[in-house]
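Keep in mind that what you see is a predicted model, and the values were worked out from it rather than measured.
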Amino acid sequence: MAIQNRYEFMYYVACTNANPNGDPDMGNTPRIDPQTMKGYITDVATKRRIRNYIEMAYAGVDGMNIIIQQGTNINRHIAQAKREAGFEDCAKGKDAVYAGRRKACETFFDVRAFGAVMSTGPNAGQVRGPVQLTFGKSVDPILPLDISITRMAVADKVGNNTVEEYEAYEKNKPEDELRTMGRKQLIPFGLYEVRGFISANLAAETGFDDRDLNALFEAILNMYEHDRSASKGEMDVVSPLIVFQHVGTDTDAAQRVRQAKLGCAPAHKLFDLVHVTRKPEIDAPRHYRDYQATVALDRVPAGVRVGFKTDAFGEIVWDRLPENEDWFRAE
C-alpha cells in the first residue's frame with residue numbers, strides 16, 4: 001500500500017577540495033549564484049546518485065529497476081514495460097498507454113519516486129512523482145578554484161596504433177613533450193543544505209510505499225559513499241537525515257488519516273526549525289564542525305513529528321536527538 005503520510009526532509013552535504021556539481025556550460029566550474037556567491041547542487045545531480053545507489057544496492061530485486069540508467073535509451077525500457085503489460089511495444093491506444101504507465105510504476109523505482117516523461121517513442125504517458133528535491137544550497141559563499149595539473153604522459157594517436165609505432169614515437173620525443181597540462185575545478189570547502197518533499201497523494205498514483213521510502217532514505221545517506229572520484233573524492237552527508245512526518249491531530253480516525261496525507265503545517269515552517277550557522281570565531285570554514293547546528297524540538301507543530309536517521313540501515317529516532325548524534329543540538 002502506498003504511504004499514508006506527507007513528509008518533508010532535509011540533510012547537509014560537506015564538500016572538501018572537490019567539485020560538488022560542475023556546470024558543463026561554464027567549463028565544469030562549480031555551480032554558483034552570482035549575486036550571493038553561494039554554491040548549488042542541482043536536484044538532478046542528487047537524483048542521479050540516488051538512482052546509481054538503488055541500481056547497485058537493489059540489483060535483481062523485483063520492482064527496484066531504474067528507468068533512467070546511464071548510457072541507455074529510455075525508450076527501450078518504455079517498450080519493455082508495454083510488452084510486459086500485454087500490448088505491442090508501440091501500441092498507441094489509450095489502454096496501451098495507461099497499461100504501460102502502470103507497468104512502469106510497478107517495475108521502476110525512479111518512476112514511482114520521481115516520476116517520468118514516458119510519452120517519447122513507444123509512449124507510456126507521463127507520471128508525476130511524489131518525491132521532489134530542491135537545489136542544494138551552500139550555507140556560506142563558496143570559492144571556486146581553477147588549478148593547473150600535470151599529467152606525466154600523453155595520449156597522442158600515432159599511425160595505425162601499433163605497439164612498434166608508439167615505441168618509436170616515444171623514443172624520438174623529448175621527455176618534456178611526453179607530458180601534458182590540465183585543469184581541475186574545485187572548491188576548498190562548502191556545506192550544502194538539501195531539502196525534499198514527499199506527497200502521499202501523488203504516492204497513491206505511483207504506488208510509492210514504505211519499502212520505497214526506506215530505500216530512498218538509505219540511498220540518501222549512502223549515495224556519496226559509492227560515488228568517489230577524482231572530482232568528488234570527499235563529499236559526505238554529514239548530518240542526520242531530518243524527517244518531518246505529518247500524522248494528524250483529530251480524534252476522528254478518518255479525519256486524522258486525511259490530515260496526515262494533506263499535512264498539518266507548511267513545509268517552510270518546518271524547515272525553519274533547523275538552524276546551521278557558522279561559528280563566530282571561524283572566518284573561512286574548512287569542516288562541517290566549523291558550524292553549529294540546532295533543531296527546535298520544542299516548537300514542532302501539533303500533528304507533526306520530527307525524526308532523525310543517522311544510520312542508512314537503522315531506524316528513525318522520533319521526537320528526540322539520537323544518542324550517537326554529536327553535531328546537532330536541541331535548541
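- With hydrogens and angles left out, the side-chain atoms of Arg183 and Ser148 include a donor and acceptor closer than 3.5 Å.
- A donor-acceptor pair shorter than 3.5 Å can be found between the side chains of Thr42 and Asn21.
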For residues 87-95, please give each side-chain donor-acceptor pair under 3.5 Å, one per line with the distance, not counting sequence neighbours.
residue, atom, partner, partner atom, Å
Asp89, OD1, Arg83, NE, 3.0
Asp89, OD2, Arg83, NH2, 2.7
Lys92, NZ, Gly121, O, 3.2

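- Judged purely by distance below 3.5 Å, without hydrogens or angles, the side chains of Thr120 and Asn75 pair a donor atom with an acceptor atom.
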Please tabulate, for side-chain N and O atoms in residues 263-273, each donor-acceptor pair with protein atoms closer than 3.5 Å (sequence neighbours left out).
none

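- Relative ring orientation between Tyr40 and Phe135 is described as perpendicular, the plane-to-plane angle rising above 60° on a 0-90° scale split at 30° and 60°.
- Between Leu202 and Phe208, the closest side-chain pair of non-hydrogen atoms is not below 4.5 Å.
- Taking Ile, Leu, Val, Met, Phe, Trp and Tyr as hydrophobic and joining them when side-chain heavy atoms fall under 4.5 Å apart, one finds Ile74 in a cluster with Ile67, Ile68, Ile78, Phe108, Val111, Met118, Val127.
- A salt bridge does not link Glu170 to Lys173: none of the charged nitrogens lies less than 4.0 Å from a carboxylate oxygen.
- Ionic pairing of Arg48 and Asp227 is not present here: no N-O contact between side-chain nitrogen and carboxylate oxygen is shorter than 4.0 angstrom.
- A salt bridge links Arg195 and Glu193; the closest N-O separation between the charged side-chain nitrogens and carboxylate oxygens is under 4.0 Å.
- Ionic pairing of Lys38 and Asp33 is not present here: no N-O contact between side-chain nitrogen and carboxylate oxygen is shorter than 4.0 angstrom.
- Inter-residue side-chain proximity for Phe308 and Ile242 is flagged as met; some heavy-atom pair is nearer than 4.5 Å.
- A side-chain hydrogen bond (donor to acceptor under 3.5 Å, both in side chains) with His246 holds for exactly one of Gln259, Glu8, Lys261; it is Glu8.
- Arg305 and Asp319 are not joined by a salt bridge, as no carboxylate oxygen comes within less than 4.0 angstrom of a charged side-chain nitrogen.
- Results of the side-chain contact (heavy atoms from CB on, under 4.5 Å) test with Leu216 over Leu221, Val131, Leu241 single out Val131 as the only residue that passes.
- The residues Asp250 and Arg256 are annotated as not salt-bridged, no charged nitrogen and carboxylate oxygen being separated by less than 4.0 angstrom.
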